Amino acid sequence: MISRSERVTNYVIVIALTLGVLFPVAWFFMTSLSPNTSGALDFSHLAWGNFGAAWRDGNLAHSMYASLVIAVSAVAGQTVLAILSGYAFGVLGVVGERFLFPVILLGMMVSTEVIVIPLYYEFEKVGLTNSWLGLVIIQLGMGVPFGTYWMRATFRALPKSIMDSAEIDGASSWSTLWRILIPMARPAVLTLVLLSFMWTWNDFFLSLIFLGDPAKQTATVALGAFQGRHVLQVNLMAAGSLIVSLPVVALYLFFQREFISGVMSGAVKE
């Protein structure tokens with residue numbers, strides 16, 4: 001049993017931490033509404049027009065559409081490949097697993113900066129620079145190793161008796177995966193989707209290098225260019241940053257229960 005003093009102490013600590021996290025977020029939001037270009041808070045007048053100005057001047061409509069196409073395509077591919085490879089390594093067992101799985105994990109250990117130059121020249125040879133498809137392929141390659149590791153651990157944490165029962169009942173490996181294991185692993189799958197979307201959406205380095213055409217820029221690159229033009233207008237920079245971060249925040253808020261459940265269940269059984 002937890003004593004009353006311990007319970008009060010826990011609440012005080014949690015409230016203090018919550019305020020510590022929310023205070024800079026609230027400050028940043030109020031800065032975006034400030035009529036002063038310096039970002040100094042002015043509660044006498046809230047300049048909601050800052051968001052409209054940032055949306056127009058930063059050409060965020062087109063760039064966010066580009067980011068959405070790239071992120072959704074990459075996350076869909078990453079998720080499907082991660083589920084299939086995680087199932088193969090975690091449940092079915094594949095020939096040469098002891099060699100192949102560490103090779104896949106190497107993709108999590110190699111720094112992007114190490115491979116970006118040869119990767120750029122190889123993509124340039126096949127015409128995949130300045131292309132959303134090229135960036136989607138790169139994001140697939142960067143995200144699948146983690147997804148494979150995540151889903152392998154998830155499937156191994158599920159009760160093996162359920163898989164044995166499905167096999168006894170005559171279910172195929174395919175049916176066992178999609179009709180039994182995926183519904184059970186839903187929080188972990190949604191967590192993977194959220195993490196992959198966040199990483200892909202927030203990517204700046206690869207988008208800056210592989211998408212030189214301003215007409216194909218992603219939201220993060222467009223935001224960087226916008227902030228460069230409005231470096232002395234802190235309120236507009238804050239408004240633009242909030243607009244670009246909105247899809248990730250909204251997605252997290254919508255799936256927060258599944259995200260927390262997936263993180264907790266994936267912590268991380270082998």
Side-chain angles (χ1 to χ4, degrees), residues 2 10 14 17 68 70-112 136-203 247-270:
I2 300 177
N10 290 340
V14 170
L17 291 174
L68 188 64
I70 293 170
V72 170
S73 301
V75 169
Q78 289 175 13
T79 304
V80 171
L81 291 175
I83 288 173
L84 295 177
S85 56
Y87 183 57
F89 285 116
V91 178
L92 299 180
V94 295
V95 177
E97 176 182 355
R98 291 187 177 181
F99 170 76
L100 292 176
F101 188 65
V103 169
I104 291 178
L105 292 185
L106 282 176
M108 297 170 57
M109 305 173 191
V110 178
S111 173
T112 306
V136 169
I137 293 173
I138 296 172
Q139 294 292 352
L140 281 174
M142 300 293 291
V144 167
F146 171 78
T148 299
Y149 173 78
W150 179 266
M151 293 311 303
R152 175 179 180 266
T154 298
F155 288 137
R156 286 199 167 190
L158 297 178
K160 193 174 184 303
S161 59
I162 294 178
M163 307 174 205
D164 294 337
S165 299
E167 185 178 359
I168 292 173
D169 290 340
S172 64
S173 298
W174 192 259
S175 297
T176 300
L177 171 62
W178 294 107
R179 295 185 179 182
I180 300 176
L181 299 186
I182 293 301
M184 294 178 63
R186 183 173 179 270
V189 173
L190 288 177
T191 300
L192 176 62
V193 169
L194 285 171
L195 291 174
S196 299
F197 185 87
M198 179 183 67
W199 293 334
T200 305
W201 183 272
N202 290 338
D203 170 67
V248 174
V249 174
L251 202 62
Y252 171 75
L253 291 177
F254 190 75
F255 291 112
Q256 60 178 318
R257 289 182 180 273
E258 288 81 0
F259 179 79
I260 295 172
S261 177
V263 171
M264 296 301 293
S265 65
V268 163
K269 292 184 179 180
E270 283 287 347

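As the structure is a prediction and not an experimental result, all values here were calculated from the model.
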Does a side-chain heavy-atom distance below 4.5 Å link Met184 with Ile162?
yes
How long is the straight-line distance from OG1 of Thr200 back to CG of Leu140, given to the nearest 0.5 Å?
8.5 Å
Among residues at least two apart in sequence or on other chains, which ones pass ring-ring contact (aromatic ring centres under 6.0 Å, His included) with Phe197?
Trp201
I'd like to check the side chain to side chain donor-acceptor pair (under 3.5 Å) partners of Ser165; sequence neighbours left out, ordered by chain and number.
none
Does Gln139 reach the side chain of Ser73, with side-chain heavy atoms less than 4.5 Å apart?
no
For Pro145 and Leu105, work out which heavy atoms get closest and say how close.
O-CD2, 4.4 Å
Less than 3.5 Å apart, which donor and acceptor atoms pair up between the side chains of residues 84-92 and the rest of the protein, not counting sequence neighbours?
unit_1: Ser85; atom_1: OG; unit_2: Leu81; atom_2: O; d: 2.7
unit_1: Ser85; atom_1: OG; unit_2: Ala82; atom_2: O; d: 3.3
unit_1: Ser85; atom_1: OG; unit_2: Thr148; atom_2: OG1; d: 2.7
unit_1: Tyr87; atom_1: OH; unit_2: Ser173; atom_2: O; d: 2.9

dist Ile182:CD1 -> Ile83:CD1 (nearest 0.5 Å) comes out at 4.0 Å
What distance separates Thr79 OG1 from Leu190 CG, expressed to the nearest 0.5 Å?
9.0 Å
Contacts of Ser196 that satisfy side-chain contact (heavy atoms from CB on, under 4.5 Å) - sequence neighbours left out:
Val75, Gln78, Leu192
Where Phe155 and Ala185 come nearest, the two heavy atoms and their spacing
CE2-CB, 4.4 Å
Partners of Ser111 by side-chain contact (heavy atoms from CB on, under 4.5 Å), sequence neighbours excluded?
Glu113, Val114
Hey, what do you get for CG (Leu181) to CE (Met163), rounding to the nearest 0.5 Å?
5.0 Å
Hey, what's the ring geometry for Phe101 with Tyr149, parallel, tilted or perpendicular (30° and 60° as the breaks)?
parallel
Mind checking what makes side-chain contact (heavy atoms from CB on, under 4.5 Å) contact with Pro183, not counting sequence neighbours?
none
Rounded to the nearest 0.5 Å, what separation is found between the OG atom of Ser172 and the CG atom of Leu177?
9.5 Å
Once side chain to side chain donor-acceptor pair (under 3.5 Å) is applied, do any residues pair with Thr112, and if so which ones, sequence neighbours excluded?
none
